[in-house]
A.B. asks: 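Have a look at the structure that comes next, please.
To find a chain, count down the sequence lines: A is the first, B the second, and so on, and within it residues start at 1. Remember, it's a predicted structure, so these values are computed and weren't measured experimentally. Below, each value reflects all heavy atoms present in this structure, side chains not excepted, and no hydrogens, waters or symmetry copies.
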Protein chains: 2
Amino acid sequence: MVTSKQLQKAHSCAAGFVLAINDTLNVITGKWKLPIIGSLIYGKKRFKELEREIPKITPRMLSKELKDLEMNGIVKRTVYDTTPVTVEYEVTEAGRSLKSVLDKMVEWGLAHRKQVMGKK
Amino acid sequence: MVTSKQLQKAHSCAAGFVLAINDTLNVITGKWKLPIIGSLIYGKKRFKELEREIPKITPRMLSKELKDLEMNGIVKRTVYDTTPVTVEYEVTEAGRSLKSVLDKMVEWGLAHRKQVMGKK
DNA sequence: GTAACTACTATACTATAGTATAGTGGTATA
DNA sequence: TATACCACTATACTATAGTATAGTAGTTAC
């Protein structure tokens, strides 16, 4: 038998899970987050290199998404005092730790793609 | 040394990963998807029960998100030929298989919440 | 007959996400 | 001096996601 206290506990627990999941989702949702992470996984890159490597991205979106990723500790931005300035982006340890999450998502996505109807 | 062929392979591979990850993301993104799944995990529910259980959701959004989830094979809708009709929603096996993905996301979210700045 | 319940749908709106296009300030090269 | 590269920013727009509010068709209870 399920008591109302148990249900309450289950619900507040589920709510906490939802918060934690949303923290994770906020980090990787955004049309260009995964392509950027994917591109930086192979090594440090400069702004223009990313712009050239990621087809169709605009500098505005690249800048915005990099800022989000930096704010969330996924990417580190380093400015070198050269002339002209060089700016390099690289994934952090926290960024690399996303791999286990992404791996699970790849796994599930591949296994269930047939059933999944993309939002056309 | 990294050849251009290897890079090409790595890139097309990464692109495939991005597609698979997006398939997974499409299933769980949407403001009310997780609360709905979370609510149904504890057992079948009727439309009105979900509406009462999920604070602030409107029938329009509940209906839309349930349709998305049904389309993606996460939730099953059953109509019982009673008078008046009874409609029940439940998570499918595919829905339950999301658990391993969600668990990883909870884990990462909890571990990195400090660094993550919610989009205020 | 009227009030209330179920399972929604319709219409109109606001807010957020993403795009298109142009421009800035500094530097280097021809 | 004129052109081009780097690392962006500004402005204005479109598209998608989500909200607010009301209403529908069928049924049951008073």
Side-chain angles (χ1 to χ4, degrees), chain A residues 18 21-37 39-40 44-72 74-90 117-120, chain B residues 18 21-23 25-37 39-40 43-72 74-90 117-120:
Chain A
V18 168
I21 294 169
N22 278 331
D23 284 341
T24 308
L25 278 177
N26 284 338
V27 165
I28 52 179
T29 53
K31 187 168 174 185
W32 303 100
K33 298 262 163 62
L34 292 176
I36 291 171
I37 294 171
S39 180
L40 288 177
K44 301 178 172 196
K45 298 252 167 70
R46 296 170 63 178
F47 190 91
K48 273 287 170 185
E49 290 179 291
L50 285 168
E51 198 182 338
R52 273 190 294 267
E53 227 179 75
I54 301 170
K56 311 244 167 162
I57 197 168
T58 60
R60 187 191 194 284
M61 284 312 289
L62 180 55
S63 172
K64 187 199 156 287
E65 299 276 69
L66 281 170
K67 253 174 210 153
D68 286 357
L69 290 169
E70 201 192 343
M71 242 177 46
N72 288 331
I74 306 305
V75 156
K76 186 164 167 263
R77 178 178 183 267
T78 313
V79 181
Y80 296 95
D81 195 10
T82 54
T83 49
V85 285
T86 306
V87 181
E88 275 187 347
Y89 296 91
E90 61 188 307
M117 310 280 291
K119 30 179 79 174
K120 67 107 213 349
Chain B
V18 168
I21 294 170
N22 278 333
D23 283 343
L25 278 178
N26 284 339
V27 165
I28 52 178
T29 54
K31 189 169 174 188
W32 303 101
K33 298 262 164 61
L34 292 176
I36 291 170
I37 294 170
S39 180
L40 288 178
K44 301 179 172 192
K45 297 253 167 70
R46 298 169 62 178
F47 190 91
K48 274 286 167 184
E49 290 180 291
L50 286 168
E51 196 183 338
R52 273 189 294 265
E53 226 179 74
I54 301 169
K56 309 245 167 159
I57 198 169
T58 60
R60 186 192 194 286
M61 284 312 288
L62 180 54
S63 171
K64 185 195 156 291
E65 300 277 67
L66 281 171
K67 253 174 211 151
D68 286 358
L69 290 169
E70 202 194 341
M71 242 177 45
N72 288 331
I74 306 305
V75 155
K76 185 164 168 264
R77 178 178 183 267
T78 313
V79 181
Y80 295 96
D81 194 12
T82 54
T83 49
V85 286
T86 306
V87 181
E88 275 187 346
Y89 295 91
E90 62 190 304
M117 310 278 293
K119 28 181 80 169
K120 64 106 211 352

A.B. asks: Considering every strand and a 4.0 Å limit on heavy-atom distances, what is the contact class for A:Lys31: base, sugar-phosphate, or nothing?
C.D. replies: sugar-phosphate

A.B. asks: Is B:Glu51 salt-bridged to B:Lys48, going by a charged N under 4.0 Å from an acidic O?
C.D. replies: yes

A.B. asks: Quick one: A:Asp68 CG to C:dG18 P, roughly how many Å, whole number?
C.D. replies: 9 Å

A.B. asks: Can you tell me if the side-chain N/O atoms of B:Arg77 get under 4.0 Å from OP1 or OP2 in C:dC8?
C.D. replies: yes

A.B. asks: Toward the 5' end of DNA chain C, which comes first, A:Val85 or B:Glu88, by nearest nucleotide?
C.D. replies: B:Glu88

A.B. asks: Of the nucleotides D:dC8, C:dT6, C:dT27, which has the atom closest to the B:Arg52 side chain?
C.D. replies: C:dT6

A.B. asks: Using a heavy-atom cut-off of 4.0 Å across all strands, would you classify A:Arg60 as base, sugar-phosphate, or nothing?
C.D. replies: base

A.B. asks: Does anything in residues 77-86 of chain A form a salt bridge (Lys or Arg N to Asp or Glu O under 4.0 Å)? List the pairs, not counting sequence neighbours.
C.D. replies: none

A.B. asks: Out of D:dC6, D:dT28, C:dT21, which nucleotide sits closest to the side chain of A:Arg46?
C.D. replies: D:dC6

A.B. asks: Find the distance B:Leu25:CG to D:dT16:C1' and express it as a whole number of Å.
C.D. replies: 17 Å

A.B. asks: Return the value, rounded to whole Å, for the distance between atom CD of A:Glu51 and atom P of C:dA20.
C.D. replies: 14 Å

A.B. asks: Taking only side-chain nitrogens and oxygens of A:Thr83, does any of them come within less than 4.0 Å of OP1 or OP2 of C:dA28?
C.D. replies: yes

A.B. asks: Could you tell me how far apart B:Lys48 (NZ) and D:dT27 (P) are, to the nearest whole angstrom?
C.D. replies: 18 Å

A.B. asks: Can B:Lys76 and B:Glu70 be counted as an ion pair, charged N to O under 4.0 angstrom?
C.D. replies: no

A.B. asks: Does the side chain of B:Phe47 reach to within under 4.5 Å of the side chain of B:Leu66, using non-hydrogen atoms?
C.D. replies: yes

A.B. asks: From CE of B:Met61 over to P of C:dC8, roughly how many Å is that when rounded to an integer?
C.D. replies: 16 Å

A.B. asks: For A:Glu88 and A:Thr78, which I'm curious about, is there any donor-acceptor pair between the side chains at under 3.5 Å?
C.D. replies: no

A.B. asks: Answer whether the closest heavy-atom distance between the side chains of A:Val75 and A:Glu90 falls below 4.5 Å.
C.D. replies: no

A.B. asks: In this structure, how many angstroms lie between the P atom of D:dC8 and the CD1 atom of A:Ile36, rounded?
C.D. replies: 12 Å

A.B. asks: At less than 4.0 Å, is any side-chain N or O atom of B:Lys67 found next to OP1 or OP2 of C:dT9? Yes or no.
C.D. replies: yes

A.B. asks: Please determine if a side-chain N or O atom of A:Ser63 lies less than 4.0 Å away from the OP1 or OP2 oxygen of D:dT9.
C.D. replies: yes

A.B. asks: Take B:Thr86 and A:Glu65, find for each the nucleotide of DNA chain C with the closest heavy atom, and name the residue whose nucleotide sits nearer the 5' end.
C.D. replies: B:Thr86

A.B. asks: Could you please name the option among C:dC8, D:dC6, D:dT9 that lies closest to any side-chain atom of A:Pro59?
C.D. replies: D:dT9

A.B. asks: In this structure, how many angstroms lie between the C1' atom of D:dG26 and the CG atom of B:Asp81, rounded?
C.D. replies: 13 Å

A.B. asks: Would you please confirm or rule out a distance under 4.0 Å between OP1 or OP2 of C:dC8 and any side-chain N or O of B:Tyr89?
C.D. replies: yes

A.B. asks: Rounded to the nearest angstrom, tell me the gap between atom CG in A:Leu50 and atom C1' in D:dA7.
C.D. replies: 12 Å

A.B. asks: Answer with base, sugar-phosphate or nothing: what part of the nucleic acid does B:Lys56 contact at a heavy-atom distance below 4.0 Å?
C.D. replies: nothing

